[in-house]
Undergrad: 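This is the structure I want to talk about, given as structure tokens.
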Amino acid sequence: MKERQAVRGFLATVEVLPPLIVTFQFNPDSVQDNKAVNYADRSSEICGTAPGKVYTGGGDRTISFDLTLHGNERGMNAINPLPLDNGVSTELAKLRSFLYPAADAWAQLGPLIGDDAGYRVQAPPRALFGFGTKVLECVVTGLTVTETQFNSALAPVRANVGVTLSVIQEEGHPLHEFDRRHRNVLAALGLQNTRVVGPDWPPS
């Protein structure tokens, strides 16, 4: 029986030309999904109650994970068969391009696409993060690269990459609204599992 291939996560953006797509070579072992909440101090003099906290709104939602890149002497890019600037260099360059307000790589491609000035973005491109049921629009806010092995030209052939994303949570944003509704549906379905079971239940 043919083994089914696992679905891979990805980062992508179509805000630039050509589109930037990074398909994970290996899916991360874990994904951290954190949501901050903002509270303000409640004055007992105003409310007439004991001091406490008042919810003032949601904070940032951040997603972080680690990627592993494995290449070889000839690298992962068939267009560039030489060891120099190969290995996993092109994949690292694509990941780093999510961070910069003005991307030199796309400017260099300008003459090839008929745009002498190149195509420059004025802010970090928004990234689509896809991982299972998570399909979210984000901004890459952090990238930590640890190069762990090199080829004969000292181009990295193995690297560990830590990625941090800030999720776009704008009201009316289609992906944000879909994620919120999907979460609410799952929470409602989860209520069906909150039954008390055991030898003494239901009571006679």
Side-chain angles (χ1 to χ4, degrees), residues 4-36 59-72 75-80 85-110 112-113 118-149 155-170 172-180 182-183:
R4 185 176 180 181
Q5 186 175 5
V7 177
R8 297 181 182 181
F10 66 89
L11 278 175
T13 181
V14 295
E15 289 188 1
V16 294
L17 186 64
L20 191 63
I21 302 173
V22 175
T23 301
F24 300 161
Q25 187 182 12
F26 302 98
N27 284 327
D29 293 330
S30 62
V31 176
Q32 295 184 9
D33 191 340
N34 301 315
K35 169 70 174 175
D60 291 338
R61 178 184 178 186
T62 59
I63 293 176
S64 57
F65 51 89
D66 294 329
L67 297 177
T68 300
L69 301 179
H70 282 208
N72 51 42
M76 300 173 64
N77 189 347
I79 300 177
N80 179 18
D85 273 342
N86 217 319
V88 295
S89 297
T90 52
E91 293 303 295
L92 291 176
K94 286 197 293 183
L95 285 168
R96 289 184 173 115
S97 293
F98 282 100
L99 293 172
Y100 297 108
D104 292 336
W106 296 308
Q108 294 299 322
L109 290 174
L112 299 179
I113 60 176
Y119 189 98
R120 291 177 176 268
V121 291
Q122 298 304 314
R126 291 189 175 190
L128 289 177
F129 169 65
F131 197 80
T133 58
K134 288 185 175 72
V135 181
L136 302 166
E137 190 167 27
C138 312
V139 172
V140 180
T141 58
L143 199 68
T144 303
V145 177
T146 304
E147 299 171 351
T148 59
Q149 189 173 337
V157 295
R158 290 192 179 187
N160 298 321
V161 184
V163 182
T164 303
L165 310 173
S166 178
V167 179
I168 304 299
Q169 301 179 95
E170 299 170 349
H173 189 286
L175 292 179
H176 171 62
E177 290 297 327
F178 174 80
D179 180 73
R180 182 178 60 82
H182 180 239
R183 182 178 64 251

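From a predicted model like this one, the values you see are computed outputs, not experimental measurements.
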Undergrad: Any side-chain heavy atom of Thr148 within less than 4.5 Å of one from Asn160?
TA: yes

Undergrad: Are side-chain heavy atoms of Val88 and Arg158 found at a separation under 4.5 Å?
TA: no

Undergrad: To check you understand the geometry: which heavy-atom pair defines the closest contact between Asn86 and Ser89, and what is its length?
TA: O-OG, 2.7 Å

Undergrad: Within the structure provided, determine whether Leu165 and Val139 are in side-chain contact (heavy-atom separation under 4.5 Å).
TA: no

Undergrad: List the steps and the verdict of side chain to side chain contact (heavy atoms under 4.5 Å, CB included) for Leu136 and Ile63.
TA: CA-CA 10 Å; Leu136 302 166; Ile63 293 176; 3.5 Å; yes

Undergrad: For the residue pair Lys94 and Ile21, what are the closest heavy atoms and their distance?
TA: NZ-O, 3.1 Å

Undergrad: Would you compute the distance between atom CG of Leu11 and atom CG of Leu20 and round it to the nearest 0.5 angstrom?
TA: 8.5 Å

Undergrad: Of all heavy-atom pairs between Thr141 and Ser166, which one has the smallest distance, and what is that distance?
TA: CG2-CB, 3.8 Å

Undergrad: Strictly by side chain to side chain donor-acceptor pair (under 3.5 Å), give each pair with a member in residues 124-136 just once, sequence neighbours left out.
TA: Arg126-Glu170

Undergrad: Applying side chain to side chain donor-acceptor pair (under 3.5 Å), name anything that partners Glu147, two or more places apart in sequence or on another chain.
TA: none

Undergrad: Test Leu67 against Val163 for side chain to side chain contact (heavy atoms under 4.5 Å, CB included), laying out the working first.
TA: CA-CA 8 Å; Leu67 297 177; Val163 182; 4.2 Å; yes

Undergrad: With side chains defined as the heavy atoms from C-beta onward, is the minimum distance between Val161 and Leu95 less than 4.5 Å?
TA: yes

Undergrad: Would the Phe98 and Phe129 ring centres measure less than 6.0 Å apart?
TA: no

Undergrad: Should Lys35 and Gln169 count as side-chain neighbours, where that means a heavy-atom distance under 4.5 Å?
TA: yes

Undergrad: If I compare all heavy atoms of Asp66 with all of Gly162, which pair ends up nearest, and what's the gap?
TA: OD1-CA, 3.4 Å

Undergrad: Any sub-3.5 Å donor-acceptor pair from Asn27's side-chain atoms to Gly9's backbone N or O?
TA: yes

Undergrad: Working to the nearest 0.5 angstrom, can you tell me the gap between Gln149 CD and His70 NE2?
TA: 8.5 Å

Undergrad: How long is the span from the CG atom in Asn34 to the OG atom in Ser64, to the nearest 0.5 Å?
TA: 6.0 Å

Undergrad: Are any non-hydrogen side-chain atoms of Leu143 and Thr164 less than 4.5 angstrom apart?
TA: no

Undergrad: If you define the side chain from C-beta out and look only at heavy atoms, does anything of Thr13 sit under 4.5 Å from Leu128?
TA: no

Undergrad: Does some side-chain heavy atom of Glu91 sit less than 4.5 Å from a side-chain heavy atom of Val22?
TA: yes

Undergrad: For residues Pro28 and Phe131, report the shortest heavy-atom separation together with the two atoms involved.
TA: CD-CE1, 3.6 Å

Undergrad: Work out which heavy atom in Pro156 is nearest to a heavy atom in Leu92; give both atom names and the distance.
TA: CG-CD1, 4.0 Å

